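Worksheet for the structure shown next.
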Amino acid sequence: MSIVAHNIRKIGVMGAGQMGTGIALVSALRAKVPVLLYDRSPEQTTKGLAFVDKLLEKDVNKGRIQSIDAKEAKDRIQVVGHEEGIKGMRDVDMVIEAVSESLPLKQAIFASISITKIAASAVPKDVSAASEEGKKIAGRVVGLHFFNPVPVMKLVELISALQTTPDVLNRARSFAVACGKEVTTSKDVPGFVSNALLMPFINEAIMCLEKGIATKEDIDTTLKLGMNHPMGPLQLVVFFGSIGLDTCLAIQQTLYEGTRDSKYRPSILLERMVDAQWYGKKNGKGFYEY
Ligand SMILES: NC(=O)c1ccc[n+]([C@@H]2O[C@H](COP(=O)([O-])OP(=O)(O)OC[C@H]3O[C@@H](n4cnc5c(N)ncnc54)[C@H](O)[C@@H]3O)[C@@H](O)[C@H]2O)c1
C-alpha cells in the first residue's frame, strides 16, 4: 500500500494521562510534529511533562537518541493553558482525544467505543448527518487505537467509522507510521480486532480455572511454554496495572451485549472476583497476590 503524506503540521492532544503523554511523546520525537497538550487538570499536565522528561532521559542514557533529539522533542510539546482551554487547539491539523472516560462510560472502555457513533456526534444538531456538510464533518473522524505504554508498544489499530473518508483514513495511517508504529486496520466492531480476540481468550482461561480444569499456574505455564506467549492469560489479565479484572469484566460484558453472541458470556468467577473487589495488581489481590 502506498503511503500518502500525512500533511499534519501540528497536532493537539487532549488528556495528559498515561496515553496522552505517550502519544504526545511519540508525535514529537518520532513524527517530529509540534504538539499542543491540554488537560483539564494542571497537576496532571505537570505530572505528564515530568513523565515525558523521564522517558527522554532514559532514551538518552541508553544511547537510543541523542540529547539534542530529546531537547528538540521536548521543545515541540507545548502546554495549552487553562485560560485558553480547548479553544487553544484551534490551529491544529488533527486532535487526538485521550481523556478519561466518564464513569458510566468507563464501563464501556475499549469494547464499545463506536467510532461511527463518535463521528455522528461531531455533526452539530442543526446539520443533517446525511447532508454534504454533515458527511464532511463526520468524515474527518477516525479511530487511532494506541496501546499502553505508547512509547514501547509498536502497534496502532486504525479504525474507520462508516463516515470516515479514505483521505482521512490514509493520512491517519501515515501519521501513525511517522510515529514509528506498525498499523493494522480493523472495522468498527465491539473490541476492534485487539480486544475482540484478547478478552475472550482471558475469559476462557478464567472459565478453565472456574471449572477446575487446571490450576492457575498450570494454565499460565501451558500458554507460556507450550505456545511461547510471554506470559499466561491469568498473569496478563492484570498486567495492564491500572486496568484490572473490573475493566476486563466491563469489556467482556460489552462484547456480550454489543454482539448478543453467547460465546462472549463473562465467566461467573470473573464476576465473583469483581464482586469481592479483587481487581488484581491495581489493588493487590487477584488470581495472584501482589
Ligand atoms: N491505559 C490504557 O491501557 C489504555 C489503552 C488504550 C486506550 N486507553 C484509553 O485512552 C484514554 C485515556 O486513558 P489513560 O489511561 O491515559 O487515562 P488517564 O486517567 O491516565 O488520563 C486521562 C486524562 O484525561 C484528563 N481529562 C479528563 N477529562 C478531560 C477533559 N474533558 N478535557 C481534558 N482533559 C481531560 C484527566 O485529567 C486525565 O489526566 C481512555 O479513553 C482509555 O480508555 C487506555
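These numbers come from the heavy atoms of this one structure, side chains and all, not from hydrogens, waters or symmetry mates. In this text, all values refer to a predicted model and were calculated from it rather than measured experimentally. Both ligands and their constituent atoms are indexed starting at 1 by order of listing.
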Atoms of ligand 1 less than 4.0 Å from Ala98 heavy atoms? 12 (C), 22 (C)
Judged by heavy atoms only, the candidate from Leu37, Val99, Thr247, Val80 nearest atom 11 (C) of ligand 1 is Val99
Inspect the contact between Lys71 and Asp75 and indicate whether a charged nitrogen and a carboxylate oxygen are less than 4.0 angstrom apart. yes
At under 4.0 Å between heavy atoms, what of Met19 touches ligand 1? The answer is both
Tell me whether the NZ or CZ atom of Lys181 lies within the 45° cone about the ring axis of Phe146 and under 6.0 Å from its centre. no
When Ile, Leu, Val, Met, Phe, Trp and Tyr are grouped by side-chain heavy atoms lying under 4.5 Å apart, directly or through other members, which residues fall in the same group as Leu155? Phe147, Met153
What side-chain donor-acceptor pairs closer than 3.5 Å can you find for residues 25-33, not counting sequence neighbours?
{"residue": "Ser27", "atom": "OG", "partner": "Ile23", "partner atom": "O", "Å": "2.7"}

Interfacing atoms of ligand 1 (cut-off 4.0 Å, heavy-atom, Phe146): 6 (C)
Distance-only donor-acceptor check, side chains Tyr256 and Asn203, under 3.5 Å: no
Classify the ring geometry between His6 and Phe175 as parallel (under 30°), tilted (30 to 60°) or perpendicular (over 60°). perpendicular
Looking at Met14, which atoms of ligand 1 are within less than 4.0 Å of one of its heavy atoms? 32 (N)
When you check the gap from the basic side-chain N to the acidic O, do Lys47 and Glu43 get nearer than 4.0 Å? no
With only distance considered, is Arg40 within less than 3.5 Å of ligand 1 through an N or O on each side? yes
Below 4.0 Å from ligand 1: does a non-hydrogen atom of Phe147 turn up there or not? no
Polar atom proximity, Ser41 to ligand 1 (N or O, under 3.5 Å): no
Heteroatom distance test (Asp39, ligand 1): nitrogen or oxygen, under 3.5 angstrom: yes
Mark up the atoms of ligand 1 that fall under 4.0 Å of a heavy atom belonging to Tyr38, in ascending order. 32 (N), 33 (C)
